[in-house]
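One-based numbering, in listed order, for ligands and for the atoms of each.
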Amino acid sequence: MPMMPNNEDCEVWDAAQAQEWRLVRVEDALLLGREVRKRCPECHGRVRAHKLANNGMRAHIEHVAKHSGCSRGSNFSGRPSIHPLAVG
Ligand SMILES: [Zn+2]
């Protein structure tokens, strides 16, 4: 079990071309802007992308609604499950 969750990528909705979710690095998700839909690759919950912070925290994704069934979240229960508000 990794100590640090891997929060360096996320899925973005490609509305312009393929009409499907694409896995991208969080830095690339940030370049696409706020209006592009983003979700967690693991639980499919909606996420927000954060750029590198002044305090040195790396660019990362954060679940809009916390979910204990996701190892990328801050409150993982140890039992993975799909987010109750999953976006498909
Ligand atoms: Zn998740």
Side-chain angles (χ1 to χ4, degrees):
M1 185 73 70
M3 295 303 290
M4 288 289 292
N6 172 14
N7 281 345
E8 293 184 41
D9 51 25
C10 78
E11 288 187 341
V12 295
W13 179 249
D14 183 357
Q17 293 175 24
Q19 300 282 315
E20 64 184 16
W21 292 97
R22 278 194 298 136
L23 189 67
V24 299
R25 293 182 52 79
V26 63
E27 289 85 354
D28 296 322
L30 283 161
L31 294 175
L32 294 170
R34 277 172 199 273
E35 61 277 8
V36 173
R37 265 197 288 167
K38 306 174 189 70
R39 75 177 184 181
C40 170
E42 183 175 321
C43 72
H44 295 178
R46 191 176 292 271
V47 296
R48 221 173 269 136
H50 294 274
K51 61 185 178 188
L52 177 70
N54 290 333
N55 64 10
M57 190 169 186
R58 291 180 305 172
H60 66 286
I61 61 169
E62 184 175 283
H63 296 77
V64 173
K66 283 190 183 217
H67 177 46
S68 63
C70 181
S71 70
R72 292 166 181 249
S74 55
N75 59 336
F76 183 43
S77 68
R79 293 184 305 279
S81 65
I82 288 291
H83 200 293
L85 301 174
V87 287

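Within the protein, the N, O or S atoms sitting under 2.8 Å from the Zn ion (ligand 1) are Cys40 SG, Cys43 SG, His63 NE2, Cys70 SG.
Judged by a 6.0 Å distance limit and a 45° cone about the ring axis, Arg22 is not positioned over the six-membered ring of Trp13.
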Listing, residues 78-88 side-chain donor-acceptor contacts under 3.5 Å, not counting sequence neighbours, or none:
residue : atom : partner : partner atom : Å
Ser81   : OG   : His67   : NE2          : 3.2
His83   : ND1  : Leu85   : N            : 2.9
His83   : NE2  : Ala65   : O            : 2.8

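Remark: Cys10 SG to Glu27 CD distance equals 10.0 Å, nearest 0.5 Å. Note that the CZ atom of Arg72 and the CD1 atom of Ile61 stand 5.5 Å from one another [nearest 0.5 Å].
Using a 4.5 Å heavy-atom cutoff, the side chains of Cys70 and His63 are in contact. Looking at heavy atoms from C-beta onward, Arg46 lies out of side-chain contact with Arg39 at the 4.5 angstrom threshold.
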